[in-house]
Amino acid sequence: MSIRLGDIAPDFEQDSSEGRIRFHEWLGDGWGVLFSHPADFTPVCTTELGFTAKLKDQFAQRNVKAIALSVDPVDSHIKWIDDINETQSTAVNFPILADADRKVSELYDLIHPNANDTLTVRSLFVIDPNKKVRLTITYPASTGRNFNEILRVIDSLQLTDEHKVATPANWQDGDEVVIVPSLKDEDEIKRRFPKGYRAVKPYLRLTPQPNR
């Protein structure tokens, strides 16, 4: 089963380093980031989990919860968390799902036989308050994830959900945004974007970022 943008994120119940989790219930009415790891005690993932822990306040500002997954059992996760805390100078503050039975891995298509027929690939899903999948990224084992990019995408998703805009290439929070082409009514444009806009082309209209 492949997960596509706009799909409802599959619900599940599974053990974790912080106890039993019912996923949709755990998400509540906020955003979620679910990201998978091939196995415990892997070097790149150790750095990723440590960096994620350091982003706790950044995630909280955006009403986002982080949750990781590995196919190893809870007791292994607990030992790995000790290593993460020690080597990354942090304290893991989010759950790591224990997916020894591959239940969640199968729901989210995390076993790719061409990569490895027993271990999960390193995928990431951003899930919105309606439980819809809004972003999917799958990384090779050799490349660590850019969590600053994940935050940037979440900022874009939350901004564009609220306003009739899109974010251009390399956009960062506070940069100009694009007025969506479907918005034609000039009175509505003036009301929505009181700072005005500049039309580079009729289909490319840039305006200062609205308040979030």
Side-chain angles (χ1 to χ4, degrees), residues 1-42 44-46 48-53 55-60 62-85 90-113 115-139 141 145 147 150-151 153-154 157-158 161:
M1 174 183 173
S2 61
I3 305 293
R4 296 182 178 181
L5 299 185
D7 287 351
I8 297 297
D11 197 12
F12 57 80
E13 185 174 345
Q14 189 65 293
D15 289 328
S16 80
S17 58
E18 296 187 359
R20 194 77 173 168
I21 284 181
R22 296 178 178 86
F23 188 50
H24 282 192
E25 179 182 305
W26 177 83
L27 284 172
D29 59 0
W31 292 70
V33 173
L34 168 64
F35 56 110
S36 59
H37 300 276
D40 292 358
F41 304 104
T42 48
V44 173
C45 298
T46 297
E48 290 182 331
L49 291 172
F51 193 79
T52 302
L55 291 176
K56 181 180 181 180
D57 290 344
Q58 295 269 19
F59 281 128
R62 296 163 171 84
N63 193 25
V64 175
K65 290 182 176 180
I67 186 167
L69 174 147
S70 168
V71 296
D72 290 315
V74 169
D75 59 348
S76 175
H77 288 356
I78 300 302
K79 294 174 183 176
W80 188 25
I81 287 170
D82 287 341
D83 280 4
I84 295 165
N85 292 343
T90 190
V92 171
N93 44 39
F94 54 89
I96 305 175
L97 294 165
D99 198 38
D101 61 4
R102 311 297 197 270
K103 178 172 66 180
V104 181
S105 299
E106 291 178 5
L107 280 174
Y108 282 81
D109 191 30
L110 301 177
I111 303 291
H112 291 189
N116 189 301
D117 59 5
T118 59
L119 302 178
T120 54
V121 294
R122 298 173 59 251
S123 290
L124 180 145
F125 305 86
V126 171
I127 300 162
D128 72 14
N130 295 316
K131 311 298 186 290
K132 287 185 177 181
V133 174
R134 301 294 298 277
L135 174 74
T136 64
I137 308 178
T138 298
Y139 290 79
R145 284 173 260 233
F147 280 88
I150 305 309
L151 290 174
V153 174
I154 292 169
L157 289 169
Q158 293 182 347
D161 279 358

Is the closest side-chain heavy-atom distance between [X] and [Y] below 4.5 Å?
{"X": "Ser105", "Y": "Val71", "value": "yes"}
{"X": "Leu135", "Y": "Ile154", "value": "no"}
{"X": "Phe125", "Y": "Val33", "value": "no"}
{"X": "Leu97", "Y": "Ser70", "value": "no"}
{"X": "Ser76", "Y": "Phe41", "value": "yes"}

Look up atom [atom1] in [X] and atom [atom2] in [Y], then write down how far apart they are to the nearest 0.5 Å.
{"X": "Ile67", "Y": "Ile96", "atom1": "CD1", "atom2": "CD1", "result": "9.5 Å"}
{"X": "Leu34", "Y": "Ile127", "atom1": "CG", "atom2": "CD1", "result": "5.5 Å"}
{"X": "Leu124", "Y": "His37", "atom1": "CG", "atom2": "NE2", "result": "9.0 Å"}
{"X": "Thr90", "Y": "Ile84", "atom1": "OG1", "atom2": "CD1", "result": "9.5 Å"}
{"X": "Asn63", "Y": "Asp128", "atom1": "CG", "atom2": "CG", "result": "11.5 Å"}
{"X": "Glu18", "Y": "Asn93", "atom1": "CD", "atom2": "CG", "result": "8.0 Å"}

Item to check | Residue pair Asp101, Gln14: steps toward the side chain to side chain donor-acceptor pair (under 3.5 Å) verdict | outcome: CA-CA 10 Å; Asp101 61 4; Gln14 189 65 293; 3.0 Å; yes
Checklist entry - Sub-3.5 Å donor-acceptor pair from the side chain of Asn130 to the main-chain atoms of Lys132, do we have one? => result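 No; zero donor-acceptor contacts below 3.5 Å.
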Please find the pair of heavy atoms, one from [X] and one from [Y], that lie closest to each other, and give the distance.
{"X": "Pro73", "Y": "Asp40", "answer": "O-OD2, 4.2 Å"}
{"X": "Pro38", "Y": "Arg122", "answer": "CD-CG, 3.4 Å"}
{"X": "Ile21", "Y": "Ser16", "answer": "CD1-OG, 3.5 Å"}
{"X": "Asn85", "Y": "Ala91", "answer": "OD1-CA, 3.2 Å"}
{"X": "Ala66", "Y": "Trp26", "answer": "O-CH2, 3.5 Å"}
{"X": "Ala68", "Y": "Phe94", "answer": "CB-CE1, 4.1 Å"}

Item to check | Any residue meeting side-chain contact (heavy atoms from CB on, under 4.5 Å) with Asp161, in chain and number order, not counting sequence neighbours | outcome: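 Counting only residues at least two positions away or on another chain, Asp161 forms a side-chain contact (heavy atoms from CB on, under 4.5 Å) with Trp31, Arg134.
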Next on the checklist: Are there over 12 heavy-atom neighbours, none belonging to Lys131, within less than 6.0 Å of that residue's NZ?
Outcome noted: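 Counting other residues, nucleotides and ligands, NZ of Lys131 exceeds 12 neighbours.
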Checklist entry - What about the rings of Phe35 and Phe147, do their centers lie closer together than 6.0 Å? => result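 Centroid distance Phe35-Phe147: below 6.0 Å, so yes.
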Item to check | Residues Ser17, Trp80; criterion side chain to side chain donor-acceptor pair (under 3.5 Å); working and verdict | outcome: CA-CA 10 Å; Ser17 58; Trp80 188 25; over 6 Å; no
Item to check | All salt bridge (Lys or Arg N to Asp or Glu O under 4.0 Å) counterparts of Arg20, not counting sequence neighbours | outcome: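 With sequence neighbours excluded, Arg20 shows a salt bridge (Lys or Arg N to Asp or Glu O under 4.0 Å) to Glu13, Asp15, given in chain and number order.
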Next on the checklist: If the condition is salt bridge (Lys or Arg N to Asp or Glu O under 4.0 Å), which residues does Asp29 pass it with, not counting sequence neighbours?
Outcome noted: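 Partners of Asp29 by the salt bridge (Lys or Arg N to Asp or Glu O under 4.0 Å) criterion come out as none, since no residue qualifies.
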Checklist entry - Pick one: which of Leu110, Leu69, Leu107 meets side chain to side chain contact (heavy atoms under 4.5 Å, CB included) with Asp99? => result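 Per the side chain to side chain contact (heavy atoms under 4.5 Å, CB included) rule, the option paired with Asp99 is Leu69, out of Leu110, Leu69, Leu107.
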Next on the checklist: If you apply the rule side-chain contact (heavy atoms from CB on, under 4.5 Å), what do you find for Val153 with Val126, and how did you get there?
Outcome noted: CA-CA 9 Å; Val153 174; Val126 171; 5.6 Å; no
Item to check | Which residues share a ring pair (Phe, Tyr, Trp, His ring centres under 6.0 Å) with Phe59, sequence neighbours left out | outcome: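 For Phe59, no residue satisfies ring pair (Phe, Tyr, Trp, His ring centres under 6.0 Å) once neighbours in sequence are set aside.
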Next on the checklist: The criterion is ring pair (Phe, Tyr, Trp, His ring centres under 6.0 Å); which residues satisfy it with Phe51, sequence neighbours excluded?
Outcome noted: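 With neighbours one apart ignored, the set is empty.
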Next on the checklist: Listing request: all salt bridge (Lys or Arg N to Asp or Glu O under 4.0 Å) pairs with a residue in residues 63-84, at least two apart in sequence or in separate chains.
Outcome noted: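 Residue pairs passing salt bridge (Lys or Arg N to Asp or Glu O under 4.0 Å), neighbours aside: none found.
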